[in-house]
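Values below: every heavy atom of this structure, side chains too, minus hydrogens, waters and symmetry copies.
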Amino acid sequence: EGLAIVVENDKYGFVNAKMEIVIPCEYESAEDFSEGLAPVKKNGKWGCINLKGEEIIPFRYGSIGQFKDGIAKVYGNWSVGLINNKGEILLPCEYEYIRDFKNGFAIIQNFREKSGLINTSGEVLLPCVFDGIADFHQGITTLSQQKKMVCISLKGEVITPYDFDDIEHFSEGLAAV
């Protein structure tokens, strides 16, 4: 986004295309800007600054991922959550992992290895009670629970009963079972 990371005396900052320091070298570490924000580390914690060097996300996280569509993963004590580009918590750091969003949905997993589903607002659409959830394919996903599988649509409609041991991806409206 027009700025590059620079290191001076073991501190990180940012320079413009003319190699002028525009954000002073005062951070312990820094990541590239994405969507106008850069994760930077200060006093052992990560936060985010804008292109002017102003603190937008407070320094309270173990790590912060890059922003994509206004959302970034944040990491705490061995857990992950989500924030928006205003620093508002969309999903608290209570999960083992969060997959990247696809079609407006992301699969989450808790520390009991159970999966659920969220939308880009951080709303839990399906709680973490499933043994597995596949990515949506042609608007349909499969859920497994107690060694049985079911298909649901993007609207949450149940398409098949919990009668199948395995269901493949849908293609042209059909799936192998």
Side-chain angles (χ1 to χ4, degrees), residues 1 3 5 7 10-14 23 26-51 53-137 140-156 162 169:
E1 296 190 33
L3 298 182
I5 298 170
V7 181
D10 293 326
K11 295 288 185 180
Y12 291 72
F14 293 86
I23 297 175
E26 59 186 45
Y27 302 102
E28 297 163 18
S29 190
E31 299 292 333
D32 290 325
F33 277 89
S34 64
E35 299 185 7
L37 295 172
V40 291
K41 185 177 184 182
K42 191 174 192 178
N43 298 322
K45 296 288 185 184
W46 286 83
C48 287
I49 58 171
N50 64 15
L51 293 163
E54 300 166 329
E55 179 184 319
I56 303 300
I57 311 291
F59 294 90
R60 67 173 128 203
Y61 298 102
S63 181
I64 299 178
Q66 294 289 304
F67 280 88
K68 183 176 180 188
D69 298 325
I71 299 172
K73 293 178 186 174
V74 290
Y75 300 86
N77 296 325
W78 305 100
S79 60
V80 61
L82 297 172
I83 60 170
N84 65 18
N85 54 10
K86 297 176 185 133
E88 299 167 334
I89 296 171
L90 300 178
L91 194 67
C93 289
E94 297 175 351
Y95 297 90
E96 185 173 8
Y97 77 79
I98 301 171
R99 286 195 194 162
D100 292 335
F101 282 94
K102 292 182 183 174
N103 300 315
F105 301 97
I107 296 168
I108 56 177
Q109 181 174 309
N110 65 20
F111 287 95
R112 293 183 309 276
E113 297 187 12
K114 296 292 184 181
S115 297
L117 192 70
I118 60 170
N119 63 19
T120 54
S121 298
E123 180 184 2
V124 177
L125 303 175
L126 295 173
C128 291
V129 296
F130 299 96
D131 299 324
I133 300 177
D135 288 325
F136 278 92
H137 190 277
I140 298 171
T141 188
T142 55
L143 311 173
S144 62
Q145 191 174 35
Q146 298 174 348
K147 299 185 182 181
K148 293 293 181 183
M149 298 188 82
V150 65
C151 290
I152 65 166
S153 71
L154 285 169
K155 297 176 184 175
Y162 270 104
H169 288 297

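The two atoms that bring Cys128 and Tyr95 nearest to each other are SG-CE2, 3.9 Å, heavy atoms only. Nearest heavy atom pair, residue Phe59 against residue Gly47, reads CD2-N, 3.3 Å. Contact detail for Tyr12 and Glu28: the closest heavy-atom pair is CE1-O, 3.1 Å.
Listed for the Glu31 side chain is no donor-acceptor partner under 3.5 Å among the backbone atoms of Gly65. Proximity of a side-chain donor or acceptor of Asn119 to a complementary backbone N or O of Ser121 within less than 3.5 Å is detected. Judged purely by atom type and a 3.5 angstrom limit, Glu94 has no side-chain atom pairing as donor or acceptor with the backbone of Gly81.
To the nearest 0.5 Å, atoms CD1 (Ile49) and CD (Glu26) are separated by 8.0 Å. To the nearest 0.5 Å, atom NZ of residue Lys11 and atom OG of residue Ser29 are 10.5 Å apart. Atom CD1 of residue Ile57 and atom CG of residue Asn50 lie 10.0 Å apart, to the nearest 0.5 angstrom. Taking CG from Leu37 and CD from Glu54, the interatomic distance works out to 11.0 Å, rounded to the nearest 0.5 Å. Considering CG of Asn110 and OH of Tyr97, their distance stands at 10.0 Å, rounded to 0.5 Å. Put simply, CG on Leu117 and CZ on Phe105 are 6.5 Å apart, with the number rounded to the nearest 0.5 Å.
Side-chain contact check for Phe14 versus Leu51: every heavy-atom pair is 4.5 Å or farther apart. With contacts defined as side-chain heavy-atom distances shorter than 4.5 Å, the pair Val80/Leu91 does not qualify. Using a 4.5 Å heavy-atom cutoff, the side chains of Tyr27 and Lys42 are in contact. Looking at heavy atoms from C-beta onward, Ile118 lies in side-chain contact with Leu82 at the 4.5 angstrom threshold. Counting heavy atoms from C-beta on, the side chains of Lys114 and Gln109 never come closer than 4.5 Å.
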Could you go through residues 66-78 and list every donor-acceptor pair under 3.5 Å that involves a side-chain atom there, pairing it with any protein atom two or more places apart or in another chain?
| unit_1 | atom_1 | unit_2 | atom_2 | d |
| --- | --- | --- | --- | --- |
| Gln66 | OE1 | Ser34 | OG | 3.1 |
| Gln66 | NE2 | Asp32 | O | 3.2 |
| Lys73 | NZ | Ile98 | O | 2.6 |
| Lys73 | NZ | Asp100 | OD1 | 3.1 |

